[in-house]
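What follows is a short report on a single structure.
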Amino acid sequence: MAGLLLTACGGPEGPAAEELGEGTGEQAAALTSPSASISCARTSGIDISCTANASGGSAPYDPQWQNRRLMMGRIYVEGYDSGGYTRVVDCLTPEPGGTTFSLTIRFRVFDANGAVSNEAQAGPFECAF
């Protein structure tokens, strides 16, 4: 009867308080959303090279890339495609007076639990047609 009275009056149910603990760092990381970062630079008159990173959440990650182009006042967005953590994108250096577009490169990841990260981006880079 005393056990019933304790439970009915708000006594402990389930694991004892000392068994709950704070969890491991791995468990804490699994409770956070993943985070993405990207760094891109023009490496030649033709290419932009990018390196990206992911952290937080639960590994492994599914890295995804997207290109956005601003041409003549309109935005053209490609769908995300899966890839690794490095990417080389074609972007010809514009000639003076030539027709150009602005390129923005985006990167995100999904973690093992399906949580999506922020969308990290680099650019815009001016490119020639």
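No hydrogens, no waters, no symmetry mates; every other heavy atom, side chains included, goes into these values.
Arg108 CZ to Glu119 CD: the interatomic distance, rounded to the nearest 0.5 Å, is 6.0 Å. Rounded to the nearest 0.5 angstrom, Thr51 OG1 and Ile38 CD1 are separated by 8.5 Å. Taking SG of Cys40 as the start and CD of Gln121 as the end, the distance is 10.5 Å to the nearest 0.5 Å. Note that CG of Leu103 and CD of Glu126 are 9.5 Å apart. Values are rounded to the nearest 0.5 Å. Atoms CG and CZ, from Asp81 and Arg87 in turn, are 4.5 Å apart once rounded to the nearest 0.5 Å.
When hydrophobic clusters are built by joining Ile, Leu, Val, Met, Phe, Trp and Tyr residues whose side-chain heavy atoms come closer than 4.5 Å, directly or via intermediates, Tyr76 is not grouped with Tyr80. The same ILVMFWY cluster, assembled from side-chain heavy atoms under 4.5 Å apart, contains both Ile48 and Tyr85.
Of all heavy-atom pairs spanning Thr100 and Phe129, the tightest one is O-CE1, 3.7 Å. In this structure, Ala36 and Phe107 approach most closely via the heavy-atom pair CB-CD2, 3.8 Å. Closest of all the heavy-atom pairs between Ser102 and Pro124 is CB-CB, 4.0 Å. For the residue pair Ala128 and Phe101, the shortest heavy atom distance occurs at O-CE2, 3.6 Å. Shown here for Ile105 and Trp65, the closest heavy-atom pair between the two residues is CG2-CE3, 3.9 Å. Between Ser37 and Ala120, the shortest heavy-atom distance links the atoms CA-CB, 3.8 Å.
Of the possible donor and acceptor atoms, one in the side chain of Asp111 sits under 3.5 Å from a partner among the backbone N and O of Asn113. In this structure, the side chain of Ser117 does not engage the main chain of Pro34 through any donor-acceptor pair within 3.5 Å. For the pair Arg42 (side chain) and Cys91 (backbone), a donor-acceptor distance under 3.5 Å is present. With hydrogens and angles ignored, the 3.5 Å screen pairs no side-chain donor or acceptor of Asn118 with any backbone N or O of Ser35.
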Practice problem: Using the side chain to side chain contact (heavy atoms under 4.5 Å, CB included) rule, take Val89 and Asp47 through it: C-alpha gap first, then chi angles, then the decisive distance, then the call. | Solution: CA-CA 6 Å; Val89 180; Asp47 296 329; over 6 Å; no
Under 3.5 Å, which donor-acceptor pairs link side chains of residues 68-75 to any protein atom two or more places apart or in another chain?
from: Arg68; atom 1: NE; to: Gln66; atom 2: OE1; distance (Å): 3.1
from: Arg69; atom 1: NH1; to: Glu78; atom 2: OE2; distance (Å): 2.4

